[in-house]
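The structure appears right after this line, and notes come after that.
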Amino acid sequence: MASNEAPREAATAKIFHCRLIPPRPDFAFTMTEEERELMGRHADYLRGKLREGVMIIAGPVADPAGPWGLLILRAGSEAEAKAVTEGDPVAKSGRGFRYEILPMISTIM
């Protein structure tokens, strides 16, 4: 493969902007111990996705309206990205977290 050619899997993968909306605007500042433990499981889950090459970057965003989580994924389809977000312990917790998933039109990486 020439040095300027992308690997085939990278060429077919799409990039998705995923926004994790917490159950309340002040969540980052008012977490209970149980919620902190849940966020630890969330972080461990995302670290696993990073090792798999699915996650590119993740972290909290300091939005003046209230912090939220940013997750950038590499996936073959929106359905695959949704499967990743639905597998997240916070999404499965029933505590009011939700993801919004938007495909990137183009990326510079």
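No hydrogens, no waters, no symmetry mates; every other heavy atom, side chains included, goes into these values. Throughout, numbering of the chain's residues begins at 1 and tracks the sequence.
When hydrophobic clusters are built by joining Ile, Leu, Val, Met, Phe, Trp and Tyr residues whose side-chain heavy atoms come closer than 4.5 Å, directly or via intermediates, Val90 is not grouped with Val61. Criterion: ILVMFWY side-chain heavy atoms under 4.5 Å apart, direct or through other members. Under it, Val54 and Leu102 are not part of a common hydrophobic cluster. In the hydrophobic clustering of ILVMFWY residues, with side-chain heavy atoms under 4.5 Å counting as a link, Ile57 and Phe16 come out apart.
With values rounded to the nearest 0.5 angstrom, Leu46 atom CG is found 5.5 Å from Met55 atom CE. Here Arg19 contributes atom CZ and Leu71 contributes atom CG; the two are 13.5 Å apart, rounded to the nearest 0.5 Å. Rounded to the nearest 0.5 angstrom, Ile15 CD1 and Ile72 CD1 are separated by 8.0 Å. Summarising the geometry, atom CG belonging to Leu20 is positioned 8.5 Å from atom CZ belonging to Phe27; distances are rounded to the nearest 0.5 Å. For the atom pair Asp88 CG and His42 NE2, the distance stands at 5.0 Å (nearest 0.5 Å). Note that CE of Met39 is 14.0 Å distant from OH of Tyr45, once rounded to the nearest 0.5 Å.
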Trace of the side-chain contact (heavy atoms from CB on, under 4.5 Å) decision for His17 with Met104: CA-CA 7 Å; His17 174 281; Met104 301 289 294; 4.0 Å; yes
Derivation and outcome, side-chain contact (heavy atoms from CB on, under 4.5 Å), residues Glu33 and Glu37: CA-CA 6 Å; Glu33 284 305 313; Glu37 188 275 330; over 6 Å; no
Residue pair Arg47, Glu52: steps toward the salt bridge (charged side-chain N to carboxylate O under 4.0 Å, His left out) verdict: CA-CA 9 Å; Arg47 285 184 193 100; Glu52 292 172 15; over 6 Å; no
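Minimum interatomic distance between Pro67 and Pro22 (heavy atoms only, all atoms of both residues): O-CG, 3.5 Å. Scanning all heavy atoms of the two residues, the minimum distance from Ala65 to Pro25 falls at O-CB, 3.9 Å. In plain terms, the two heavy atoms of Pro89 and Arg41 that are nearest each other are CG-O, 3.8 Å. The minimum heavy-atom distance between Leu73 and Cys18, with the atom names listed, is CD1-SG, 3.7 Å.
Within a 6.0 Å sphere centred on CD of Glu34, other residues, nucleotides and ligands contribute 12 heavy atoms or fewer.
Of the possible polar contacts, none joining the Glu86 side chain to the Ala83 backbone as a donor-acceptor pair under 3.5 Å is found. Put simply, the side chain of Ser93 gets close to the backbone of Arg95: a donor and an acceptor are under 3.5 Å apart.
The side-chain heavy atoms of Leu38 and Met31, taken from C-beta on, include no pair separated by under 4.5 Å.
Arg74 and Glu80 are not joined by a salt bridge, as no carboxylate oxygen comes within less than 4.0 angstrom of a charged side-chain nitrogen. With respect to the salt-bridge test (charged N to carboxylate O, under 4.0 angstrom), the residues Lys82 and Glu78 do not qualify.
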